[in-house]
Amino acid sequence: MQNLRVKEILNLPESGIQVKVNGWVRTKRDSKGFSFLEVNDGSCIKSIQVIVDSSVDGYAENILKITTGSSLTIKGVVKDSPGKGQKYEIHAGNVFIHGIAPQEYPLQKKHHSLEFLREIAHLRPRTNAIGSVSRLRSSLSYGVHQFFQDRGFYYVNTPIITTSDCEGAGEMFRVTTLDLREAPRTEKGDIDYAKDFFGKPASLTVSGQLEGEIYALSLGNVYTFGPTFRAENSNTPRHLAEFWMIEPEMAFYHLKEDMDLAEEFVKFLVKYVLDKNSDELDFFNARIDTTVFSRLENIANTSFERITYTEAIKILEKNNNEFEFPVSWGVDIQSEHEKYLSEKVFNKPVIVFDYPKEIKAFYMRLNDDEKTVGAMDVLVPRIGELIGGSEREERYEMLSKRIRSIGLSEEDYWWYLDLRKYGTVPHAGFGLGFERLILLVTGLQNIRDVIPFPRYPGNARF
RNA sequence: UGGUCAGUAGCUCAGUCGGCAGAGCAAGUGGCUGUUAACCACUGGGUCGGGGGUUCAAGUCCCUCCUGACCAGCCA
């Protein structure tokens with residue numbers, strides 16, 4: 001007898017074989033003389049209907065006591081189902097109960113709010129919504145590796161713990177083994193980090209980019225895909241304190257090629273899920289957001305708009321009366337403007353590039369106008385910023401001047417400057433927020449629903 | 001962190017002008033020979049987020065704290 005997953009049973013070419021299937025009961029319906037069990041094993045969104053006749057061993061004592069959430073192993077024969085909405089069903093010969101779920105089991109056979117499910121993150125992957133997100137997330141992870149591996153990129157594991165104090169991408173979580181109540185002090189009274197585990201202040205990484213550059217300038221094209229930490233007090237449906245970021249870094253790439261790769265990457269991943277995860281997308285399109293398919297088809301099949309920051313500001317200035325915060329050249333583009341550009345003006349992804357140097361990071365390459373840098377953001381409808389990237393400043397003197405001018409210390413960046421000192425080359429890269437991509441693909445509204453265990457201010461449960 | 005809105009049964013919610021605490025689903029019991037968010041009948045289930053105040057009387061009005069959602073900022 002074959003031990004099959006529900007997904008495999010539903011894909012069988014024909015009925016008639018004996019199978020063993022394991023799973024959890026979604027719902028049970030009793031009739032006179034038999035029961036219907038809806039069993040889901042997480043292998044796919046669909047459940048399999050199991051018919052248990054009262055002649056099965058232990059029917060009255062055990063089967064009738066099965067509740068929603070109970071875990072079972074069923075042995076039976078696959079038959080064509082006369083019922084609606086399913087190809088096959090299983091006529092049970094034997095049902096083994098691993099565990100009954102008592103009446104307080106919180107998942108009922110009804111709609112639950114996503115807010116409620118966040119309170120029970122240990123049980124929520126058993127639901128259609130979170131189960132589908134989980135399968136889709138796994139699939140997309142594989143797609144990310146496939147995209148880069150197929151193109152000769154090497155996967156680099158950049159450090160989680162870093163002593164680069166000012167990577168310039170936000171507040172950092174401190175990593176220490178010092179006793180916070182009795183931390184050693186220097187003569188001046190400051191905390192003496194020389195006595196800490198790493199001998200200097202250490203934090204969780206806010207980006208693998210700087211280390212990614214090291215490997216790009218050795219291996220050519222590389223990418224990272226790992227957890228990233230920001231200690232910002234952000235309370236929005238688009239931010240997490242711990243999230244997963246994909247950061248490719250390419251030697252001998254200029255900004256144009258960087259944008260080309262970003263566009264190709266997003267399109268590849270969108271096509272990937274359209275191809276591999278149609279069951280999950282069907283669910284999201286039906287239950288979460290009816291525009292999922294049209295949006296994904298649109299992204300997969302149209303060229304992204306590309307405009308300079310200066311052009312973007314011109315467009316926005318014409319419509320300044322529509323904004324809470326009017327724009328002018330030199331100000332940062334805010335989320336209402338991002339959405340206006342990608343949703344109202346172009347209705348597709350937009351890449352904005354060549355930003356004023358004052359509002360971008362120190363490592364971005366200064367353009368010949370000496371006012372803008374080779375930065376680019378990919379803005380998508382509904383989400384806003386999905387990708388942020390740039391061509392890196394590869395000229396030693398320019399970079400060193402820039403580091404000094406914003407008050408950073410060249411000594412802290414000695415190895416970063418060394419990359420420009422010894423055989424420098426033009427290079428570029430970008431960062432894509434993995435959870436934001438999943439928001440885009442699923443149509444879900446809150447980033448806390450697309451990561452298994454969300455971390456945000458005041459919350460690191462489970 | 002600031003602004004807005006919300007918190008009532010296990011879940012989703014209603015509760016009018018301040019006047020007996022409600023519904024659907026879930027749970028329990030019984031019924032039903034093919035159901036599929038099964039159906040029918042009955043039963044149990046409440047710190048109305050916490051604390052304080054106004055009032056003869058507060059789920060309802062006032063103050064305060066907590067929690068959540070949304071908008072904004074930080075960004076991916």
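Chain letters run A, B, ... following the sequence lines, proteins first and then strands; every chain starts at 1. Atom set for the values below is all heavy atoms of this structure, side chains included, hydrogens, waters and symmetry mates excluded.
Here the separation of B:U35 from B:G46, taken at their C1' atoms, is 34 Å to the nearest Å. Using atom P as the reference point in both B:C42 and B:C25, the two lie 12 Å apart (nearest Å). Taking atom P on both nucleotides, B:U55 is separated from B:U8 by 29 Å, rounded to a whole Å. Rounded to a whole angstrom, the distance from the P atom of B:G19 to that of B:A72 is 39 Å. Comparing the same atom, C1', in B:U64 and in B:G10 gives a spacing of 30 Å after rounding to whole Å. Comparing the C1' positions of B:G28 and B:C13 gives an interatomic distance of 23 Å, to the nearest angstrom. When the C1' atom is used for both B:C17 and B:G45, the distance is 31 Å, rounded to whole Å. Remark: the separation of the P atoms in B:C40 and B:G24 is 11 Å, to the nearest Å.
Within the structure, every side-chain polar atom (N or O) of A:Arg29 is placed at least 4.0 Å from both OP1 and OP2 of B:U35. Distances shown here put a side-chain N or O of A:Lys109 below 4.0 Å from the OP1 or OP2 atom of B:A38. Side-chain N/O atoms of A:Arg238 include one lying less than 4.0 angstrom from OP1 or OP2 on B:A72. Contact annotation: A:Thr67 does not reach the phosphate of B:A27 (side-chain N/O to OP1 or OP2, under 4.0 Å).
Remark: of the listed residues A:Glu393, A:His254, A:Glu394, A:Glu394 is the sole one forming a side chain to side chain donor-acceptor pair (under 3.5 Å) with A:Arg365.
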(request) Represent RNA chain B in dot-bracket notation, 5' to 3'. Only Watson-Crick or G-U wobble pairs with both distances under 3.5 Å count; pseudoknot-style crossings use [ ] and interstrand partners use |. (result) (((((((..((((.....[..)))).(((((.......))))).....(((((..]....))))))))))))....
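Residues A:Ser35 and A:Tyr59 bring a donor and an acceptor atom of their side chains to less than 3.5 Å of each other. Between the side chains of A:Lys109 and A:Thr27, at least one donor N or O sits under 3.5 Å from an acceptor N or O. Defined by atom type and a distance below 3.5 Å, a donor-acceptor pair is missing between the side-chain atoms of A:Tyr456 and A:Glu242.
The separation between A:Glu89 atom CD and B:G34 atom C1' is 8 Å, rounded to whole Å. When rounded to the nearest whole Å, the span between CZ of A:Phe36 and P of B:A38 equals 12 Å. For the pair A:Ile359 CD1 and B:C74 C1', the computed distance is 14 Å after rounding to whole Å. Rounded to whole angstrom, the span from the CG atom of A:Asn128 across to the C1' atom of B:U36 amounts to 13 Å. Between A:Ile66 atom CD1 and B:A27 atom P there is a gap of 14 Å when expressed in whole angstrom units. If you take NZ of A:Lys84 and C1' of B:U36, they are 11 Å apart, rounded to a whole angstrom.
Side-chain proximity of A:Glu385 to B:C75, B:A72, B:C74: nearest is B:C75. Taking every side-chain heavy atom of A:Arg230 into account, B:A76 is the closest of B:A76, B:G28, B:U36. Nearest nucleotide to the A:Phe325 side chain, out of B:A72, B:U35, B:A76: B:A72. With distances taken from any side-chain atom of A:Ser335 to the nucleotides B:A72, B:A37, B:A76, the minimum falls on B:A72. Distances from the side chain of A:Asp332 to the nucleotides B:A76, B:C74, B:U33 place B:C74 closest. Of the candidate nucleotides B:G34, B:A69, B:A76, B:G34 has the atom nearest to the side chain of A:Ile51. For A:His91, counting side-chain heavy atoms from C-beta on, the closest listed nucleotide (B:C75, B:A37, B:G34) is B:G34. The A:Asp30 side chain lies nearest to B:C32 when the options are B:C75, B:C32, B:A27.
Counting non-hydrogen atoms under 4.0 angstrom, A:Ile383 reaches nothing in the nucleic acid. Nucleic acid contact class of A:Gly431 (heavy atoms, under 4.0 Å, all strands): sugar-phosphate only. Note on A:Gln86: a base of the nucleic acid sits closer than 4.0 angstrom, heavy atoms only. Across all strands shown, A:Leu437 has no heavy atoms under 4.0 Å from either base or sugar-phosphate atoms.
Ring geometry for A:Phe265 versus A:Phe148: interplanar angle of 30 to 60°, hence tilted.
The environment of NZ in A:Lys344 is sparse: at most 12 heavy-atom neighbours from other residues, nucleotides or ligands sit within 6.0 Å. When the shell of 6.0 Å around NZ of A:Lys348 is examined, it contains more than 12 heavy atoms from other residues, nucleotides or ligands.
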(request) Would you give a per-nucleotide map of nucleotides 1-14 of chain B, 5' to 3', where B means the base has a protein non-hydrogen atom under 4.0 Å away, S means only the sugar-phosphate does, and - means neither? (result) B--------BBS--
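At a threshold of 4.5 Å between non-hydrogen side-chain atoms, the residues A:Phe147 and A:Leu261 count as touching.
In this structure A:Thr73 satisfies the side-chain hydrogen bond (donor to acceptor under 3.5 Å, both in side chains) test together with A:Asn22, A:His98, sequence neighbours excluded.
In terms of position on RNA chain B, the residue among A:Glu338 and A:Arg448 whose nearest nucleotide sits closer to the 5' end is A:Arg448.
One N or O on the side chain of A:Glu435 and one on the backbone of A:Trp244 form a donor-acceptor pair closer than 3.5 Å. Between the side chain of A:Glu343 and the main chain of A:Arg382, a donor-acceptor pair closer than 3.5 Å is present.
Residue side chain A:Phe243 meets the stacking definition with respect to B:A76: its ring centre sits within less than 5.5 angstrom of the base's six-membered ring centre, and the planes differ by less than 30 degrees.
Taking the centre of each ring, A:Tyr340 and A:Phe323 come in below the 6.0 Å mark.
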